[in-house]
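Counting starts at 1 for both ligands and their atoms, in listed order.
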Amino acid sequence: MHSIMRWLILCLVSSPLLAASPDGVVSASHPAAAAAGARILEEGGNAVDAAAAMQFALNVVEPQSSGIGGGAFMLVHLARTGETFVVDSRERAPAAASADMFVSNGEAMAFPFASTSGLAVGVPGTVRGVDTALRRWGTKTLADTLAPAIELAEHGFRVNRFLAADIAADDGRTQLHPETAAIFRPGGVPLAEGDWLVQRDLAKTLRLIATKGQDAFYHGPLARAIVTAQQHTRSELGEAGKGRMTLDDLADYQAAVREPLIGHYRGWTIKGMPPPSSGGLTVLQMLGMLERFPLGDAAHGFGFGSPKTLHVMIEAMRLAFADRAVWIGDDDSVRVPTRGLLDAGYIDSRAARIRTDSRMATPRAGDPAARHHTAGQPELPRIREESPHTTHFSVVDRWGNVASVTSTIEYTWGSGITVPGYGFLLNNELTDFNLMPATTAGDRGANDVSPRKRPRSSMAPMLLFRDGKPVAAYGSPGGATIINSVLNVTLNLIDHKMPLQQAIDAPRLSVTNAAGKVACEGEETFMQPRFGIDVQDALRKQGHVGLGEAGTDGCQETMGSVQAVVIDLATGAHHGAADRRREGAVIRVTPSLQPRPGP
Ligand code: GLU
């Protein structure tokens, strides 16, 4: 039996959401993607090789969330040197982009129209990002890591309930363009759970990249097909919705290798994503503010899910998201005051506004340069919607190298545009920019569109360290709620001392703007302990909003999908855990081949 099938069966039969091993462990939101990573580890590959294979496999089995038509952030920790790097393959605006390109008749274009037009398509970065990581630290070729994905696309796989649900509730995105409909709604009938999906065009595309290398994506017929698709796809916006990407934009695209952001929390070190993501900065700001409260101390009212704990979390989220809205963007294009935002004195001044007995008025962004909190502009109203998609996967190999990757095509189904003849979806990442330039409202416009700029992201792949050694890798999808899913899991691990699976299963709470509308989870039975109605009433009484009427259960959301691996420093064992909010799968690998040296 083929090895990927063997792994798939092992995974489905034993459903190992939690596994322990001194060997390699992979964790992904789909069993076949985990199987692809496991196969590469089994064949002697390292964490970077396995991450590459999972990325490509996810394009096949979870195509609505990520793929070669999108972008990603990969955090890599190298065991031998102790170094950590970020590979930033975020999509970029084309050279012809302009600050007002999403403005029509003096108003921001409606998100559903803007995000399904060619205009929303950023120059895809995934292929160059994976290639960059493999060249620097991998031991396998691009072709090796594409092999499992090619087999999955060519031979097919069974549609799971999550893919079926996303086709059924697609906001029209799989129906707008005939190439997309032909894959996911053959003969006009939406694929259902259990259907078999073969993607021959995608297999051909992946094989082309495997044979000719990453340049085959950025030059030649495939590049021309991308440019044509985003220029000529019909959209509700007519001419105004025409994409501006050219062949030069594709040829010029380079992934960036960056230093991670580094912060500390109660003796743990956290390495996260720097700009263009707000993920690392905003999580580190919130942790910095929360460090002054005894979270986890139930005797003082700060146990998991208590009103006091949730209240201070909400307040920290409101403060950090006020800063995020004003200060964070792509700092290759605009200055982001990263040091100021993480300055201990500045964070203290922000945290001093949090009172345990009352809710603060809507906070404004602070002034990190002046280290006080009275300056800054008011937050602008949100003009886009959240989507629960994107994907996170994590891997540790037997040498202790770790990769933590969050990857996306932005909204569920991205732009909905499938490149004709090539079978993959294009992102709508450019609608992560301010659709209406914020400078028009007197804001500094850190996230306004400009040529070659990357849109601000919320993606927050994380690595947690103790005594200089990596102990956990995790991250989540979920738009701006990503930041809070990652915060919740971090607090669960460090303050509430939960085992990894419980830290992932526990219900999450999220606030993504200064006004403070609370979203919280509680639908699924595995999310325990719940945020009870009494707890919600206590929050309502303090003035927190978004939870509905007193006496009702306002925690009805589902957010994120966290895939994680941990390294037990005491035993050296590697474990993994995955999220039941999707079909999360963990696979442990005892390699049968002679190990090659790590990177
Ligand atoms: N495009 C979003 C970002 O980069 C991620 C989308 C999502 O998770 O739904 O922040």
Note to self: With a 4.0 Å cut-off on N to O distance, would you call D249 and R244 a salt bridge?
What the structure shows: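 No, this pair does not count.
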Check: Does an N or O anywhere in G478 fall below 3.5 Å from an N or O of ligand 1?
Finding: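 G478 vs ligand 1: N/O contact under 3.5 Å present.
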[X] heavy atoms, cut-off 4.0 Å: which ligand 1 atoms fall inside?
| X | result |
| --- | --- |
| T390 | 5 (C), 6 (C), 7 (C), 8 (O), 9 (O) |
| E429 | 1 (N), 2 (C), 4 (O) |
| D432 | 1 (N), 2 (C), 3 (C), 4 (O), 10 (O) |

Is it the side chain (CB and beyond), the backbone, both or neither of [X] that lies under 4.0 Å from ligand 1, heavy atoms counted?
| X | value |
| --- | --- |
| R90 | side chain |
| H389 | backbone |
| I482 | side chain |

Next item on the list: Could you label the plane-to-plane angle of the Y218 and Y253 rings as parallel, tilted or perpendicular, counting under 30° as parallel and over 60° as perpendicular?
Entry: parallel
Note to self: Ring centres under 6.0 Å, that's the criterion: do F85 and H77 meet it?
What the structure shows: no
Check: Mind checking whether F424 and F217 have ring centres under 6.0 Å apart?
Finding: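 They qualify: ring centres under 6.0 Å apart.
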Notebook entry, point to check: Between V86, V486, L75, which is the residue that forms a side-chain contact (heavy atoms from CB on, under 4.5 Å) with P461?
Noted result: L75
Check: Distance under 6.0 Å and angle within 45° of the ring axis: does K453 meet both against F433?
Finding: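 K453 over F433 ring: no.
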Margin query: Would R456 count as a contact residue for ligand 1, given that I'm defining contact as a non-hydrogen atom of the residue lying under 4.0 Å from a ligand atom?
Written below: no
